Number of protein chains: 2
Amino acid sequence: MTRQRRVILDELRKDKSHPSADELYETVRKYMPRISLGTVYRNLEILSELGEIQKLEIGGTLKRFDGNPKKHYHIRCMNCGRIDDAPIALMEHIENEIDGMTDYKIFGHRLEFIGLCPDCFDKAADRWQ
Amino acid sequence: MTRQRRVILDELRKDKSHPSADELYETVRKYMPRISLGTVYRNLEILSELGEIQKLEIGGTLKRFDGNPKKHYHIRCMNCGRIDDAPIALMEHIENEIDGMTDYKIFGHRLEFIGLCPDCFDKAADRWQ
DNA sequence: TTACTTGCAAATCGTTTGCGATATA
DNA sequence: TATATCGCAAACGATTTGCAAGTAA
C-alpha cells in the first residue's frame with residue numbers, strides 16, 4: 001500500500017459525491033501535487049478488485065466511484081449527473097425470481113433511479129414562474 | 001426521414017442483440033456501403049430523442065441500442081458483454097416507494113441483472129472438468 | 001428553395017499503457 | 001534487494017463535430 005493508494009482510498013471514503021476519476025484526481029492533487037491521473041486510474045482499478053471500493057458503471061459516459069463497497073442502489077440526476085445513494089432496501093429476492101426464467105447464471109443486479117436533484121428541479125421550476 | 005435514418009431504424013428493430021453503434025454500422029453498410037459511422041451515431045441519437053428506440057447506458061464502455069422503445073429490463077453477460085431482455089415484469093411501484101424518501105423528483109428507474117450467458121458459463125464450466 | 005442531413009476527416013473525451021525512475025516490503 | 005508502483009507522455013477506442021456537398025419536403 002503506497003502513499004498514493006492510501007490517500008486515494010481515504011479521500012474516496014470521505015467523499016459522498018461518487019466522484020469520477022478526474023474529480024478525485026483534483027482532490028488528491030491538493031495533498032500530492034505531483035500525482036498523475038494514470039496513478040489514480042490504476043489504483044481505483046486495484047482497489048475495486050480488492051473489494052475496498054465500487055466502480056459504478058452507471059448511465060452516462062464516465063465511470064464514477066463509490067468508497068462504500070457494500071451493495072446498495074443509486075439515484076442519478078438526469079440534468080447534472082449528480083449521484084446519491086437511493087434510500088431503499090436491497091431486493092435480494094429478485095435474483096431468485098429471474099433464476100429459473102433465463103439461461104444466464106445470475107451473479108448480481110443493479111438498480112438505478114433517474115430523476116432531478118433538488119437543485120436542478122428548483123431551476124426547472126423557476127423557468128415556469 | 002432520410003434513406004439512411006430509415007435503414008438504421010429498420011435494422012435496429014429487426015436486431016434482437018442490442019448492438020453497439022459500430023455493430024449496427026457494419027450491418028447497415030451491407031445495404032449502403034457509403035454510409036458513415038458519424039451518420040449512424042447522429043441518427044441513433046435523434047431516434048432515441050424521438051422515442052423510437054432506446055439508448056442503453058448500461059455497464060461496460062460502449063453504448064448499446066435497443067429497437068424496442070418500451071420500458072423493460074436487461075441481463076448482461078459479465079464476460080462477453082452480450083445483452084438480453086430480462087424475463088421479469090416491470091416494477092412501477094418502486095418509484096412510489098422511494099418518492100417520499102428523497103429530495104429528488106423521480107422520473108424513472110433502470111434495473112439490470114449481471115451474470116454469465118449460457119455460452120460463457122459452459123466455457124467456464126469446461127475449465128473445471 | 002431552404003432547412004436538414006450526409007460523408008469525410010479531424011478533434012475530443014475518458015481511459016489505458018509502455019517506459020525508465022522510484023519507493024515499498 | 002526484488003517487486004510493485006510511480007510520473008510522464010503517448011496511444012487508444014468510442015463518440016462527437018466542423019465543413020462543404022447533397023437531399024428531402
Side-chain angles (χ1 to χ4, degrees), chain A residues 1-12 15 17-66 76 78 80-83, chain B residues 1-12 15 17-66 76-83:
Chain A
M1 171 87 45
T2 58
R3 224 158 62 75
Q4 288 85 339
R5 189 169 302 163
R6 183 81 256 159
V7 173
I8 289 168
L9 179 56
D10 288 351
E11 285 307 307
L12 184 55
D15 192 329
S17 77
H18 307 83
S20 64
D22 202 69
E23 287 164 351
L24 194 56
Y25 169 61
E26 289 304 333
T27 305
V28 168
R29 220 135 76 104
K30 292 176 187 140
Y31 304 91
M32 312 182 76
R34 301 187 53 80
I35 197 173
S36 81
L37 183 53
T39 297
V40 173
Y41 273 106
R42 272 189 285 236
N43 279 303
L44 287 171
E45 189 60 41
I46 291 168
L47 288 167
S48 88
E49 270 165 27
L50 293 174
E52 295 288 332
I53 66 170
Q54 282 190 68
K55 209 187 311 181
L56 303 182
E57 296 189 337
I58 255 180
T61 323
L62 86 181
K63 283 179 189 132
R64 295 180 164 274
F65 297 85
D66 192 332
R76 185 168 57 90
M78 59 207 285
C80 70
R82 172 175 156 189
I83 292 177
Chain B
M1 169 88 49
T2 58
R3 226 158 60 75
Q4 288 83 340
R5 190 169 300 162
R6 183 79 257 159
V7 174
I8 289 167
L9 179 56
D10 289 349
E11 287 306 308
L12 184 55
D15 193 329
S17 77
H18 308 84
S20 65
D22 202 69
E23 286 163 350
L24 195 55
Y25 169 62
E26 290 302 334
T27 305
V28 168
R29 217 134 76 106
K30 291 175 189 144
Y31 304 91
M32 312 183 75
R34 299 186 56 80
I35 198 173
S36 80
L37 183 53
T39 298
V40 174
Y41 273 106
R42 275 187 284 235
N43 278 304
L44 288 171
E45 189 61 42
I46 291 168
L47 289 167
S48 89
E49 270 166 26
L50 293 174
E52 295 288 333
I53 65 169
Q54 283 192 67
K55 209 188 309 181
L56 303 183
E57 295 189 336
I58 255 179
T61 323
L62 85 181
K63 281 178 191 132
R64 294 179 165 275
F65 297 85
D66 192 333
R76 185 169 57 90
C77 178
M78 59 207 285
N79 185 243
C80 70
R82 172 176 157 189
I83 293 176

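Worth knowing before you read on, the calculation uses all heavy atoms, side chains too, and leaves out hydrogens, waters and symmetry mates. Convention: sequence-line order gives letters A, B, ...; per-chain numbering from 1. Remember, predicted model here, so these are calculated numbers, not experimental data.
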For the pair made of [atom1] in [X] and [atom2] in [N], what is the distance, rounded to whole Å?
| X | N | atom1 | atom2 | value |
| --- | --- | --- | --- | --- |
| B/K63 | C/dT15 | NZ | C1' | 15 Å |
| A/K55 | C/dG14 | NZ | P | 17 Å |
| B/L37 | D/dG18 | CG | P | 17 Å |
| A/L56 | C/dT15 | CG | C1' | 16 Å |
| B/M32 | D/dG22 | CE | P | 16 Å |
| A/L44 | D/dT5 | CG | P | 14 Å |
| B/E57 | D/dA14 | CD | P | 16 Å |
| A/E23 | C/dC13 | CD | C1' | 14 Å |

* For B/T2 and for B/S20, find the nucleotide of DNA chain D with the closest heavy atom, then tell me which residue's nucleotide is more 5'. =>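 Its nearest nucleotide being more 5', the pick is B/S20.
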* Asked: Ignoring hydrogens and angles, are the base of C/dG7 and the side chain of B/R3 linked by a donor-acceptor pair under 3.5 Å?
  ->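 Answer is no: no donor-acceptor pair is held.
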* Asked: Is the base of C/dG7 touched by the side chain of B/R29 through a donor-acceptor pair closer than 3.5 angstrom?
  ->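 There is none.
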* First encountered from the 5' end of DNA chain C, between A/R64 and B/G38 ->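 Here B/G38 is the residue nearer the 5' end.
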* Asked: Choosing from C/dT15, D/dG18, C/dC19, which nucleotide comes nearest the side chain of A/R42?
  ->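 Closest of the options to the side chain of A/R42: C/dC19.
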* To do: Could you tell me whether B/E45 and B/R42 make a salt bridge, using a distance below 4.0 angstrom between a side-chain N and a carboxylate O?
  =>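 Salt bridge between B/E45 and B/R42, a charged N being under 4.0 Å from a carboxylate O: no.
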Tell me what [X] touches on the nucleic acid: a base, only sugar-phosphate, or nothing, going by heavy atoms under 4.0 Å.
| X | answer |
| --- | --- |
| A/I35 | sugar-phosphate |
| A/D22 | nothing |
| B/R5 | sugar-phosphate |

Should [X] be listed as having a side-chain N or O under 4.0 Å from OP1 or OP2 of [N]?
| X | N | value |
| --- | --- | --- |
| A/Y41 | C/dT15 | yes |
| A/Q4 | D/dG7 | yes |
| A/S36 | D/dC8 | no |
| B/R34 | C/dC8 | yes |

* Report yes or no: do B/D15 and B/S17 form a side-chain donor-acceptor pair below 3.5 Å? =>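 Judged by distance alone, the side chains do pair up.
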* To do: Taking the side chain as every heavy atom from C-beta outward, state whether A/L12 and A/L47 have any pair of such atoms under 4.5 Å apart.
  =>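 A side-chain contact is absent here, since even the closest heavy-atom pair is not under 4.5 Å.
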* Asked: Is there a side-chain contact between B/Q54 and B/F65, using heavy atoms and a 4.5 Å cut-off?
  ->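 In short, these two side chains do not touch, never coming nearer than 4.5 Å.
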* **Interatomic spacing from CD in A/E11 to NZ in A/K30 - rounded to 0.5 Å** =>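 Separation between the atoms: 8.5 Å.
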